[in-house]
Amino acid sequence: MAAGVATWLPFARAAAVGWLPLAKKTMPKPPVDNTSRSDEILYVNVSGVRFQTWKNTLDRYPDTLLGSSEKEFFYNEDTQEYFFDRDPEMFRHILNFYRTGKLHYPRHECIQAFDEELAFYGIVPEIIGDCCMEEYRDRKKENQERLAEDTEANEASDAPLPPHSTSRERLWRAFENPHTSTMALVFYYVTGFFIAVSVIANVVETVPCRPPKGSVKDLPCGEKYQLAFFCMDTACVLIFTFEYLMRLFAAPSRCKFMRSVMSVIDVVAIMPYYIGLVMPENEDVSGAFVTLRVFRVFRIFKFSRHSQGLRILGYTLKSCASELGFLLFSLTMAIIIFATVMFYAEKGTKGSTFTSIPASFWYTIVTMTTLGLVKLDSVLQKHWSQVYHQNFIRLKVRLARIRMAKKGTTNAFLQYKEDRDRDSDSTALCVKNRSAFEHQHHHLLHCLEKTTNHEFTDEMNYSELCMTESVGFRTSRSTSLSSQQGAQNNSTGCCPRRARRRAAMRLANSTVSVSRGSVQELDTLHIKTTSIPPQTRSSLNAQADDLKLNCGEQDFTAAIISIPTPPANTPDESLPPSPAPIPGILRNTRATAYTHDTVKISSL
Amino acid sequence: MGAVVGTLTMQTKQRRPSRDKADDDLEMTMVCHRPEGLDQLEAQTNFSKRELQVLYRGFKNECPSGIVNEETFKQIYSQFFPHGDASTYAHYLFNAFDAGHTGSIKFEDFVTALSILLRGSVTEKLQWTFNLYDINRDGYINKEEMTDIVRAIYDMMGKYTYPVLKTDAPKQHVDAFFQKMDKNRDGVVTLDEFILSCQEDENIMRSLQLFENVI
């Protein structure tokens, strides 16, 4: 749990004395605390640099390496210290996290090295403080993009083929990496040449040529030497079609190939020709056909197979797509505003060219682009992206974290109550993977329940209860089938999800004792649904792996969610770690309660 | 043109918050409280030196300025009860902790209250609780005060409870409380009535021992 929260828990528990005279029921027994009360100094030797800290400091985060018994594996009896053969510079930051509750990302460090250290010490990167989170995420995104480029370069490397490859695989490899064989190289240059020829032909056929004998008007070359251009076009299209079909044949995954950008460009480049062949010599339709010929210019994009630079440009555009989108949007807004202003300003004047607002669009666009307002926009862009990041993304991340922490610890207490109801004397089972802090906190909440003689529950069960009570049907704790059937009949007709859950509840209650297997199933269910981390941008997707660090713990939710709560130290965040229990009858519904944990954030 | 206006307004906005923040920071650093010596505190409370050290280290870590104001106090307390609204009860708690009514809790106040609650005698604990309930500090708990306290406690439960929280639940609770505590039926509970009634109740006596080993 967060350092702050852990420190104040004794005070909160002491303040519970104020409830005692009001309590309607007897208070539950407090959890047994076996840890020694006295604080001691631990020595941690990291590659020769000695750190000293209080044991309590490390105990604040029991789900990490240093906070759990895992550090005993590194204990050196002879020197009476914990020895870690890791980077002492990085360890400083790790230890500061324990001390202050905030994890900072050092800007001069490599992002991968930092991630590895965090993974070793069992710290989830999500808890990096807001001050460093943006920098961390940006670096991580950069790194991933670079890795993606590297893997692509590796795929296209000159490594020798595996020995038993089919001709199809060889063909595909020849296409992807032309340097492997001379045939591939020849094919590569031939296609390149024909792309160039095709593009030049497109350009030249519109140039006015000298008119043929007997005519005065200048004709474009395309019409004068119509047959020649047609032959050239046919040859190019034949080559391109052949190339496309060969690639399609050789592709390891045809669906994926057909969906790829390059294949779409190929198709778009050759389709106008075929459509032209098929189309009849109709006056009306040929007008549309002429427009279709515009798409022949897409052949120039085929060059991106031949040039890595073009591909990288494509990636760059893709990565800043959202910013570009906003740029276009803001430009459009400005154009509309100024065009409207110009139109109404010139409305009365005779002979004005601004006959309508769209007519003034052209004027506005030309003026804006000529005056280089795009440059000003880039300045705005820089500030905008800063402001955007600060306000929206960070706020969303923070809110998502708070919500997730809330729900997570809700479910922790939920499961605690469930286990408690199940076997009240054998607490060994549930005690195992919960920290002392959690036990004490749960005890505190339990005291509150006893004081008011009401129990905590979650939103879904509450709405059910409201419904059943309004219908006049009382849900009792008994496992009589008739009462459940009654509940089913009375509240059927609501959303099918509820009906399904009620059916599940009936199922659960018909077995008087919940078997170990079913509880495990529920546990895995809730592990599955809670293992989805908060996703802000795609860069965080990769960090899903880090959350699997604490597997093996039954109370998975508490394990992963307890760590993100440290930001509670900042005054504008209140990260309440408290859970909410449910009554014993609604056992199975716990599984679906966990689906609330996935909190998705869209960046725009 | 629009962009120029935009940039102008942006700049003026940037200048203003920094000035306010500077003032706030200055104020914060000026108000820094150091507690009395360790020996004095040990004499005044029932804690040992070691326990006081542990307590102070935690306190100082959270509040480097040495004092807790009401807002921070409410936030801290609310962390433990996310589903409900703990701010009202925290307000009453704050007043109970802030014995000197200075508007902020210092480490001495904090430790004194903890000493009573965790290490004090039964009478002291009950006295502290009476002090908490007696909002206006007039020596009597009347029904309005008790209703406020009970309502604040029920607020901490939040909306989603089982069974569903009825609107008159606090009132019923208060009535039951007065039934038990108000011996002479005069509508108020005095300190003596309170202590006497609590001592008669087995449950309360037993539960008062619950939090002995919190520290």
Side-chain angles (χ1 to χ4, degrees), chain A residues 3-5 7-24 26-27 29-30 33 37-39 54 56 334 337 373 376-377 380 383 406 409-410 441 444-445 448-449 451-452 454-459 461-462 465-466 469 568-569 571 574-578 580 582-583, chain B residues 2-3 6-7 10 50-51 53-54 57-59 61-62 71-72 75-83 93 96 110 113-114 117-118 125-126 128-129 132-133 149-150 153-154 156-165 169 173 176-177 181 194 198 201 203-204 206-208 210-211 213-215:
Chain A
V5 180
T7 316
W8 296 110
L9 184 62
F11 138 71
R13 297 181 74 205
V17 169
W19 305 334
L20 296 179
L22 287 166
K24 287 187 167 171
T26 50
M27 290 292 159
K29 272 207 293 270
D33 197 0
R37 279 287 156 210
S38 62
D39 212 357
W54 292 108
N56 275 358
I337 291 173
L373 266 151
L376 188 68
D377 220 358
L380 280 171
H383 284 276
K406 243 198 201 178
T409 41
T410 293
H441 187 213
L444 180 68
L445 291 165
L448 181 61
E449 283 181 333
T451 310
T452 54
H454 286 72
E455 287 182 20
F456 288 107
T457 176
D458 63 4
E459 190 171 345
N461 301 327
Y462 174 74
L465 290 168
C466 272
E469 282 201 9
N569 283 338
S574 54
L575 273 178
S578 146
I582 44 160
Chain B
T7 28
M10 248 201 297
R50 249 180 203 264
E51 289 168 334
Q53 281 180 340
V54 170
R57 280 204 297 268
F59 185 84
N61 215 19
E62 296 310 308
E71 269 314 303
T72 320
Q75 274 166 14
I76 291 169
Y77 200 66
S78 303
Q79 284 177 20
F80 297 102
F81 307 99
H83 267 61
L93 259 187
F110 183 65
L114 276 186
L117 289 171
L118 300 176
K125 287 182 191 173
L126 291 174
W128 191 91
T129 314
L132 170 70
Y133 295 161
I149 297 271
V150 170
I153 294 179
Y154 273 85
M156 285 199 282
M157 291 293 296
K159 201 168 86 163
Y160 306 122
T161 57
Y162 167 78
V164 180
L165 210 53
H173 204 142
F177 177 79
M181 301 279 168
F194 183 72
C198 287
D201 189 338
N203 279 338
I204 297 181
R206 228 198 334 257
S207 52
L208 277 175
L210 268 184
F211 299 102
N213 57 348
V214 164
I215 299 283

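Residue numbering restarts at 1 for every chain, and letters A, B, ... go by the order of the sequence lines. The basis for the numbers below is simple: all heavy atoms, side chains too, and nothing from hydrogens, waters or symmetry mates.
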Test of understanding: with side-chain contact (heavy atoms from CB on, under 4.5 Å), list the residues that count as partners of B/R206, not counting sequence neighbours.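 A/T26, B/E202, B/N203.
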Parallel, tilted or perpendicular: which fits the ring planes of B/Y154 and B/H173, with parallel below 30° and perpendicular above 60°?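 It falls in the perpendicular class, over 60°.
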Distance in Å, A/L444 CG paired with B/F81 CZ, rounded so as to fall on 0.5 Å steps: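 Spacing of CG (A/L444) from CZ (B/F81) equals 4.0 Å.
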Which one wins on heavy-atom pair count under 4.5 Å against chain A: [options]?
| options | result |
| --- | --- |
| B/D201, B/L165, B/L118 | B/L165 |
| B/K125, B/E51, B/M156, B/E71 | B/M156 |
| B/P163, B/G58, B/A176, B/C198 | B/P163 |

Using heavy-atom distances under 4.5 Å, tell me whether A/W19 contacts chain B through its side chain, its backbone, both, or neither. both
Region of [X] that comes under 4.5 Å of a non-hydrogen atom in chain A:
| X | result |
| --- | --- |
| B/F59 | both |
| B/I153 | both |
| B/T72 | neither |
| B/L208 | both |

Given the side-chain rings of B/F110 and A/W8, with only the six-membered ring counted for Trp, is the space between their centroids under 6.0 Å?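 Centroid distance B/F110-A/W8: below 6.0 Å, so yes.
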Looking at the rings of B/F80 and A/H441, which for Trp means the six-membered one, are their centres under 6.0 Å apart?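 Yes - the distance between ring centres of B/F80 and A/H441 falls below the 6.0 Å cut-off.
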Nearest heavy atoms of A/H454 and B/M157, plus distance in Å: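 Reported closest heavy-atom pair: O-CE, 3.4 Å.
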